[in-house]
Amino acid sequence: MNVLIVESAAKAKTIKKYLGANYKVIASYGHVRDLAAKNDAVLPDSDFAMTWDDSDVRGKKVMKEIADAVKGADKLILATDPDREGEAISWHILEVLGAKKALKKGMEIERVAFNAVTKPAILAALKEPRQIDEPLVSAYLARRALDYLVGFTLSPVLWRKLPGARSAGRVQSVALRLVCDREAEIEAFRTDEYWTIEATLTTPKGDTFPARVAAINGTTLKKLDIKDETSAKAIVAAIEKGQFAVTRLEKKAAKRNPWPPFMTSTLQMDASRKLGFSAKQTMQVAQRLYEGVDIGGETTGLITYMRTDGVTIVPEAISAIRGVIAREFAPNYVAPFIREYKSKAKNAQEAHEAIRPTDPGRRPKDVARYLDRDQAALYELIWRRTMASQMASAELEQTSADIAVDGRDGKDYMLRATGSVINFDGFLKVYEEGRDDRVRVVEKGKDDPAEDDADSRRLPPLAEGDRVSDKQIEAEQHFTQPPPRFSEATLVKRMEELGIGRPSTYASTMATLVERGYVKIDKKRLVPEDKGRLVTAFLESFFKKYVEFDYTASLEEKLDLISDNKLDWKEMLREFWRDFIGSVDEIKDLRVGQVLDALNDMLGPHVFPDKGDGSDPRACPKCGTGRLSLKISGKNGAFIGCGNYPDCNFTRQLATGGENGAAEERELGFDPESGLPVVVKNGRFGTYLQIGEGSKDEKPKRSSIPKGIDAATIDLEKALQLLSLPRPVGDHPEGGTIIAGLGRFGPFILHEDGATKTYANVASIEDVFTIGVNRAVTLIADKKAGKGGGRFGRATAKTVLKDLGEHPTEGGKIEVLDGKYGPYISHNKVNATVPKGTEPANLTVEDAVRLLEERIAKGGGKKPARKPAAKPAPKKAAAKAASGDGALKAKKPAAKKAPAKKPAAKKAKAGAA
């Protein structure tokens, strides 16, 4: 018998159907072990010796199954993915089996790799076995050591120097810097006004076409040359009803060539543009298409391996693609020669073939009924891009005409008209790549009209010397716009251009930045949170080299050299560690105050924006003499406070505007009862309302501003309503009083009858101001009858977001539920959180089973009854090293328990985003 190992259960299920009874196919469920969760798992002083932890419950279970299977086997076949990570999984399995002495003497051990989960691809791979690629494993070990050392070394530094902060991972830190730098560009951008002169001209035959003033007195106009309305209207007045004549006409043929087939980054970009998928969602859907789908009783992979930076396609697939093009469209749509592509990605390596359909003849409409909506959409995108890559070029005709006119002001004006038409659509018949963001201009909120309809506007028949007349001439106002925030697609594109990260890390990088709270996604745009900007500013101030784009790209190049067996991995680590630990040692003696001074300077334009009146943006608005500065609270993070504390207790949130920033402090009017001013104020916990300033003996009346009410636009009427809370609703018919108010958990009503208190939630903030006795009594009665749920009236019956059906192996319903802290998966009393950024509606049974198994492996399943223990076991302060790019969580070192004895610090829980 032969034992064949793959990573996933879905892939194992598909491959089992291709192989006979002589094969046992086992899924490893990814890595079977990881670096030990402790500070000394990588020892630079011991030649970078690494300690691996194989105590994971699932990993132990898988390795026992594999070890038991190979005892009676003739051959062990390692068939994990064809990239660096897949090679590492095979290496780990072999190492663990060797340590267990589970491999009998003389047993054949083979490594096979395939780019598609299809029967022909699997059988072909089995005929071409090889050994473990040691240089590829060395590159993996170097990457893991780098990420681990950065995470475990930087986290304690951040705890001490920037309390409340955590480090980001080696690559995530650079990606975060890109997002923060773009935000700084946007904040520093100053809008410029400019004007264009657009004419609608008419030929003698009555045909009209647009033209734009392009030159004056032979000097070509630049975009910002016409700066104001006065200048623009003067030009209009000078050329209106003038003698317009065509002085130059040029026609030329042009071609547009197709794009290469997809690699990982371009697939993520176009899926984002066209389908609205996140990078993570794209990879999850692609994984299912790759591992196999049941197509009419036959399970087969629909696409080739999806983690690749190559754009080549094997010759036999190219022949099949060209045959499909000829049959589906027409022979003239087939490119007259075989198109060959080379990757433009810096450091392109790993799995080299592009992402393509495994069978080009399997059209999207043929398989759509077997796929869910997302799978069908992504498969069609891949199929179309693959077809287009071997299709004929699109043929266009481009025309430009120069029209001269003498101005009444004595100047010579030249207008230019352009047109372009598609004579043969070629590859455009099936595919056109989505557009990335451009630095745009707007005309009263609209795109610059010069760029509209560029590919479809045709000029009427014109000849040099033709006279044309003006039907209408208009001056149009525009404003320059700042560069747009990154979307996931444009950030991946920029990272690829800089050579940062690898195809397998783009999706996890995006997800980690969001999950750690460094970045939020707003309307598909990446917006840096204040904590992300703080971490970036700290790293740029004190570890600048390690967030530089060129340096990070150079590390990737060195990892590629290791993969090619051209560089020793430990020598690379020695060089890195020597410089890195030196940088850490240099800031050992820095005080927190010195760190904050550096951050004040770097983040000044963000946290202390120019007021526009020439005054000091850091002057305290309360005392007038103190200077504002960043302050750090270990519990609540960063805020702005006055340097005259404790004499002046002014504080506000870090940001000074925008959706999540502090609102402008302002007076709304006066309270009719007290005559005191009602003011919007900013505190370290957010924006709030206050009446007067109070006194030593009496605090002023205050109210927080709840979600759903915009602090920037709140008026006096709404402020007085909020300040009136809690308000009496009336007497309860059974005794006691009912009040309505806003609490930590939202709007509520409270029935107080002596010492008995009954809370019940109300639907909205507005209900707090309007609810009457009858409705309140009903809600309280429902609550007392058990219909209101928990203490604060929350419903105990969870909302089912998606029913996934029965568990495939254990039975019992799997459901996606809406919980207090977000969506989660539930099966047989085991609950697993749905990861941030994952749409619950897109979860599959396979996704759910995997998340549930991970939860059980972490000790989150049903626990057996405990036997009485003589002595409770002490808690173990474990640090869990996160997988991927040094993404390490962190806890603070333990506080000292007694001054008489020097305590042992808790093992650091590695912190990275």
J.: Do we see a donor-acceptor contact under 3.5 Å between the side chains of Thr756 and Asp753?
T.: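 Not at all, the side chains of Thr756 and Asp753 share no donor-acceptor pair under 3.5 Å.
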J.: Is atom OH of Tyr645 surrounded by more than 12 heavy atoms (other residues, nucleotides or ligands) closer than 6.0 Å?
T.: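 Count not over threshold, so no.
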J.: Indicate the atoms forming the closest heavy-atom contact of Leu628 with Cys620, along with that distance.
T.: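 Nearest pair, atom of Leu628 first, then Cys620: CD2-CA, 3.8 Å.
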J.: Check whether any side-chain N or O of Glu488 sits under 3.5 Å from a backbone N or O of Ala279 as a donor-acceptor pair, and report yes or no.
T.: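 Yes; at least one donor-acceptor contact below 3.5 Å.
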J.: Quick check: closest heavy atoms across Leu539 and Ser173, and the distance to 0.1 Å?
T.: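 Closest heavy-atom pair between Leu539 and Ser173: CD1-OG, 3.7 Å.
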J.: Rounded to the nearest 0.5 Å, how far apart are CG of Leu513 and CD of Glu529?
T.: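 Between Leu513 CG and Glu529 CD, I get 11.5 Å after rounding to 0.5 Å.
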J.: Among Leu750, Val777, Thr758, which residue meets the side chain to side chain contact (heavy atoms under 4.5 Å, CB included) test with Ile738?
T.: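 For Ile738, the side chain to side chain contact (heavy atoms under 4.5 Å, CB included) test succeeds with only one of Leu750, Val777, Thr758, which is Val777.
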J.: On a heavy-atom basis, which atom in Ile739 and which in Pro726 lie closest, and how many Å separate them?
T.: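 Scanning both residues, the minimum pair turns out to be CD1-CB, 4.2 Å.
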J.: Please identify which of these residues, Val845, Leu851, Asp847, meets the side chain to side chain contact (heavy atoms under 4.5 Å, CB included) condition with Val849.
T.: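 With Val849 as partner, Val845, Leu851, Asp847 yield a single side chain to side chain contact (heavy atoms under 4.5 Å, CB included), made by Val845.
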J.: Looking only at non-hydrogen atoms, find the nearest pair between Phe538 and Val595 and report the distance.
T.: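 That would be CD1-CG1, 3.8 Å.
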J.: With sequence neighbours left out, write down each residue that passes side chain to side chain donor-acceptor pair (under 3.5 Å) with Arg702, or none if nothing qualifies.
T.: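 Partners of Arg702 under the side chain to side chain donor-acceptor pair (under 3.5 Å) test: Gln690.
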J.: Taking only residues two or more places apart in sequence or in another chain, which ones pass side chain to side chain donor-acceptor pair (under 3.5 Å) with Asn644?
T.: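 So Asn644 forms a side chain to side chain donor-acceptor pair (under 3.5 Å) with Thr625.
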J.: Rounded to the nearest 0.5 Å, what's the gap from CG on Asp731 to NE2 on His751? Could you check?
T.: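 One gets 9.0 Å once the value is rounded to the nearest 0.5 Å.
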J.: Kindly say whether Asp522 contributes a backbone atom to a donor-acceptor pair with the side chain of Arg485 at under 3.5 angstrom?
T.: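 Side chain of Arg485 to backbone of Asp522: no pair is present.
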J.: For residues Val678 and Ala719, report the shortest heavy-atom separation together with the two atoms involved.
T.: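 Minimum heavy-atom contact is CG1-CB, 4.0 Å.
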J.: Could you check whether Arg533 pairs with Glu187 (Lys NZ or Arg NE/NH1/NH2 to Asp/Glu carboxylate O, under 4.0 Å)?
T.: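 Answer for the salt bridge query: yes.
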J.: Check Ile771 against Ala740 and note the closest heavy-atom contact, atom names and distance.
T.: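 Closest approach of Ile771 to Ala740: CG2-CB, 4.4 Å.
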J.: Please determine if Glu515 and Lys280 form a salt bridge, counting it only when a charged side-chain N lies under 4.0 Å from a carboxylate O.
T.: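 Here Glu515 pairs with Lys280 in a salt bridge, since their nearest N and O are under 4.0 Å apart.
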J.: Report yes or no: do Asp374 and Gln281 form a side-chain donor-acceptor pair below 3.5 Å?
T.: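 Side-chain D/A pair, Asp374 to Gln281: present.
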J.: In Å, rounded to the nearest 0.5 Å, how long is the span from CD1 of Ile691 to CG of Asp671?
T.: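 Interatomic distance, Ile691 CD1 to Asp671 CG, rounded to 0.5 Å: 4.0 Å.
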J.: Is it the case that Lys622 and Asn649 place a side-chain donor and acceptor less than 3.5 Å from each other?
T.: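 There is such a pair between these side chains.
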J.: Of all residues at least two apart in sequence or in a different chain, which pass the salt bridge (charged side-chain N to carboxylate O under 4.0 Å, His left out) check with Arg618?
T.: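 With sequence neighbours excluded, Arg618 shows a salt bridge (charged side-chain N to carboxylate O under 4.0 Å, His left out) to no residue whatsoever.
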J.: Name all residues meeting the side chain to side chain donor-acceptor pair (under 3.5 Å) criterion together with Ser704; count only those two or more places apart in sequence or in a different chain, and write none if there are none.
T.: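 Ser704 satisfies side chain to side chain donor-acceptor pair (under 3.5 Å) with no other residue.
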J.: Is there a side-chain contact between Val762 and Val768 (heavy atoms, below 4.5 Å)?
T.: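 They are in side-chain contact.
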J.: Kindly write out the residues that satisfy salt bridge (charged side-chain N to carboxylate O under 4.0 Å, His left out) with Lys718, not counting sequence neighbours, or none if the list is empty.
T.: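 Partners of Lys718 under the salt bridge (charged side-chain N to carboxylate O under 4.0 Å, His left out) test: Glu766.
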J.: Could you work out, with salt bridge (charged side-chain N to carboxylate O under 4.0 Å, His left out) as the rule, every residue matching Lys757, not counting sequence neighbours?
T.: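 Counting only residues at least two positions away or on another chain, Lys757 forms a salt bridge (charged side-chain N to carboxylate O under 4.0 Å, His left out) with Glu752.
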J.: Does a sphere of radius 6.0 Å around CZ in Arg373 hold more than 12 heavy atoms from other residues, nucleotides or ligands, not counting ones at 6.0 Å or beyond?
T.: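 Not more than 12 within 6.0 Å, no.
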J.: Could you give the distance from CG (Leu720) to CG (Leu689), rounded to the nearest 0.5 Å?
T.: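 It is 9.0 Å, given to the nearest 0.5 Å.
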J.: Could you measure the distance from the CG atom of Asn600 to the CZ atom of Arg627? Nearest 0.5 Å is fine.
T.: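 That separation rounds to 8.5 Å.
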J.: Counting C-beta onward and ignoring hydrogens, is there a side-chain heavy-atom pair between Phe769 and Leu722 closer than 4.5 Å?
T.: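 Yes. Closest side-chain heavy atoms under 4.5 Å.
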J.: So, applying side chain to side chain contact (heavy atoms under 4.5 Å, CB included) with Arg855, which one of Ile825, Thr833, Val830 is it?
T.: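 Looking at Ile825, Thr833, Val830, the match for Arg855 under the side chain to side chain contact (heavy atoms under 4.5 Å, CB included) is Val830.
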J.: To the nearest 0.5 Å, what is the distance between CG on Leu534 and CE on Met602?
T.: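 The CE atom of Met602 is 12.0 Å from CG of Leu534, to the nearest 0.5 Å.
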